Amino acid sequence: MLKLLPHILIGLLTIFCLEAGASEGVIAEKSFFSDESNALSIANIQDKAFTPYYENVYAGGYSKSALWMKLKINPNAQDLVLRIRPNYTDEIQLFDPLDGYKPHVTGDKYPWASSDVKTLGLNFKLPASDQSREVYLRFKSAHSYMYYVNAYETDQFFTLDQIETFLYEWHVAFLALIFAWLFITWLFSREKVLGLFVGHQFLSLAHAFLLLGFARILFDQYVAPTKLNEIGYWLILAYMFWVVLSHKFLLKEYGLKRVYEYGFNVLLITPLIAMCILGLGNPLLALKIGALVVLLASILLFLSSVFGLVKVRPDNTIYQVPIKVLRLYYFVILVVWVLIQLTLMNVINAGEFAIHAIYAYSLLNGLLLFGILQYRARGILKQQLARANHHKIQADQERIRRKDQSKLMAMLTHEIKTPLSILKLVLDEKLTDSDVELPANRAVRNIDNIINKCLALDRLDAHSVMVHRSIFVLDDLVSDVLADLPTHKLIKEGDFTINLSTDRDFLYVIIRNLLENAIKYSPSEGVITIACSELLDAYEVSVSNLIGPMGAPESNQVFEKYYRNARATKVSGSGLGLFLVKSLTSLLGGKVIYTSNPDQVIFKVCLLK
C-alpha cells in the first residue's frame, strides 16, 4: 500500500502546479452575497451589494441562507470551464448573461446526466466572449459553505480533471484495499475491536465514494439524486458515530478511566440525536452537530491517550500498539481536524488546505490506521499461536496422562480379576450349601461388576469405543442377561422375538445395568418388569420397578457420572451404571428416558430401526 503514496503525491503536486498556472486573469473579481430569505431571483440579486473576497477559497460555514457569488469574467478567446470544488454540494445554479441568464444547474440533488460538463466534479461551461461580463452562482446546501471556484481553458481543464480523477480512483482503491485487509484479518481472528474498525473502514470507503462523486455517476440511472443525497447525510452521521465507538473500544483495552468513558458515551449519543434531527427534516442542523462531534471527538481522543488511561492490562500488552505511537496518531488527527472543522464553521480561513485536507485526512487516517491495526493484528496472531501451542502441550500431557491411566487400569483389573476368579472357585467349592455362600458370591460379583464398569468408563473417556453392529434376536440377549443375574421376580411383556441390528455387546451392558439397578433399589419382594414394544420408527425396551426404601433418583441427576441417591450409601455401587446406559445408548444413536411416579420408576431405551 505504501507504493501508492508516491503516485498520489506526484498527482497532487501536478494539480497544484496546474492550478497555479490556471488561466490567470480570467476571473477578475469575486464577491458574495448571503440571501437570508432564500427567495431572491437573478433579477433581484443584481441590485444587491456584494462583498468582495480575495482568498482562493470562500469559507462561510454552515448557514440557512442561500449563497450568491458574482464572478467578473474578463474577455476570453476560448471556451472556458468553471470548476467548483469540493465535489459535493446540494445544488448550484449558474446565470450567464451570454445565455440570457438562463439557469444551468448541477449538484447532488440533480441528475448527473443533466450536468454541463460530465465529470466527477461540479462544473459549468463558459462560452468564449470578446467582452467582460458578470456571471452569478447560487449555492444552496446543508453542507458547510466552503468553495474553491476557478476557470480553465477547456484543454487545460480536461488535463487537470484526468489527473484528479486518477487520484480519486487511487484514493478509493487505497481505502478499499485497507477495508479488504481488515475484513480478511477479522474473518480469521473474529476479534471485537478489529471488527469495529472493519465497520469504521467500510463507512470511510462509502463516505469517500459518495463525496468524490463516484456514486452520483454510477447510480444516476437507478437512484433518485435527492435520495442519494439523503443517503449521504445519513452516512456522514453514521461514520461519525462509528469512529467514536471503535476508538472508544480501542482505548478501553489500555484501561480507559471512567470519566473519559462517560465522555465517549455522551459523544456516542450526540450523533444519534443528530440522526433524529435529520429524520425530522433538518439536515443543516444535523450536519452542524455532526461537525461539532468530530471536533470534540478529536480533542477527547488525544486527551484520553495522554491523561485518561490507567495502568496497561497485562493480558493485552502482547498486541497493544505502544501508547506513544497512539498518542502521536491522535495528535496528528487532532491538528488536521481542528483546522478542517474550524474552517468549515468559518472560524478560521485555511485557504486551499481545507479543500485538500478532507481527502488528505482520509488517506492519512487510513494509512495510520492500517499500520496500527496491522501491528495489533500481528500481536493477536502471536497471542493465538502461543495459546494454541499451550493448548497443544496441555492436550499432549492429557493424552499421556490418559494413556498412563489406561495402562494402570488394565494392570489393576488384571491383577484383581485373576485372584478374584480363584476366590470365586474356592467359595463355590468350600461354601456350598453354607449360610455365607450367597453373600460371599454377591460380594465377589459386585466387585467384578465395578471393575467391568470402570473398564467401560475408561474406554469411553479415551474415545476408543467402536460400534460393531450385528443382527440378533432380542429374546436371546435378554436370556443371557438374566442368566448372569441373581434370581428375582421378573415379568416380561411384549414380543421379544424381534430382530435388532445394533451392537449386541453394548445393548447387553445397557439392559444388564438397568436390571441390576432395578434389583438393587426395588423392594425385596417387588416385581421388576422388562417390556419391549415396536414404535413407528424405533424399538423401545423399558425396565420398571417399584420404588424401594431408598426412594427414587433425582431426574436432573440420574444419568450423571458417580451420582447416587443420598439414601443409597448402604448399598454397594459405583454410580456409573446409569451413566454408562446413557453414554452407550447415545453411541447407538438412541436415547434413554427416565420417568417416575409416586410408586414406580421407569427407564425407556429407544433405538432407531
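Nothing here was measured: the structure is a model prediction, and the numbers come from that model. Hydrogens, waters and symmetry mates are skipped; everything else that's a heavy atom, side chains included, is used.
Between W186 and F197, every side-chain heavy-atom pair lies at or beyond the 4.5 Å cut-off. Contact annotation: the side chain of L334 never approaches that of L301 to less than 4.5 Å [non-hydrogen atoms, C-beta and beyond]. Contact check for N123 versus L82: no side-chain heavy atoms found under the 4.5 Å cut-off. Within the 4.5 Å cutoff, the side chain of S246 has no heavy atoms near those of the V193 side chain. In this structure, K140 and Y145 have side chains that are in contact, with non-hydrogen atoms separated by less than 4.5 Å. Residues V244 and P271 are not in side-chain contact: their nearest non-hydrogen atoms beyond the backbone lie 4.5 Å or more apart. Considering only heavy atoms from C-beta on, Y136 stays 4.5 Å or farther from Q93 through its side chain. Residues L137 and F124 meet the side-chain proximity criterion, which asks for heavy atoms closer than 4.5 Å.
In this structure, the separation between CD on E191 and OG1 on T185 is 11.0 Å, given to the nearest 0.5 Å. With values rounded to the nearest 0.5 angstrom, L267 atom CG is found 10.0 Å from I299 atom CD1. For the atom pair CG of L268 and CD1 of I273, the computed distance is 11.5 Å after rounding to the nearest 0.5 Å. Between the CG atom in L326 and the NE2 atom in H247 there is a gap of 8.5 Å [rounded to 0.5 Å]. Atom CG of L182 and atom NE2 of H200 lie 10.0 Å apart (nearest 0.5 Å). Rounded to the nearest 0.5 Å, atoms CG (L71) and OG (S31) are 7.5 Å apart.
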Exercise answer: donor-acceptor pairs, residues 46-54 side-chain atoms, under 3.5 Å, sequence neighbours excluded:
| residue | atom | partner | partner atom | Å |
| --- | --- | --- | --- | --- |
| Q46 | NE2 | I42 | O | 3.1 |

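For the residue pair T89 / Y147, a side-chain donor-acceptor distance below 3.5 Å is found, with atom types taken as modelled. Side-chain contact, Y233 with D108: no donor N or O sits under 3.5 Å from an acceptor N or O. Side-chain contact, D99 with H104: a donor N or O sits under 3.5 Å from an acceptor N or O. Side-chain contact, N38 with K64: no donor N or O sits under 3.5 Å from an acceptor N or O. Side chains of R216 and S115: a donor-acceptor N/O pair is present below 3.5 angstrom, by distance only.
Just one residue in the list T165, V172, I217, L120 forms a side chain to side chain contact (heavy atoms under 4.5 Å, CB included) with L212, and that residue is V172.
With sequence neighbours left out, the side-chain hydrogen bond (donor to acceptor under 3.5 Å, both in side chains) criterion links N44 to S41.
Atom CZ of F331 has 12 or fewer neighbouring heavy atoms from other residues, nucleotides or ligands inside a 6.0 Å radius. A 6.0 Å sphere centred on CH2 of W68 holds more than 12 heavy atoms belonging to other residues, nucleotides or ligands.
For the residue pair N76 and A128, the shortest heavy atom distance occurs at ND2-CA, 3.1 Å.
Between K125 and D79, none of the side-chain N atoms (NZ, or NE/NH1/NH2) sits under 4.0 Å from a carboxylate O, so this pair counts as no salt bridge.
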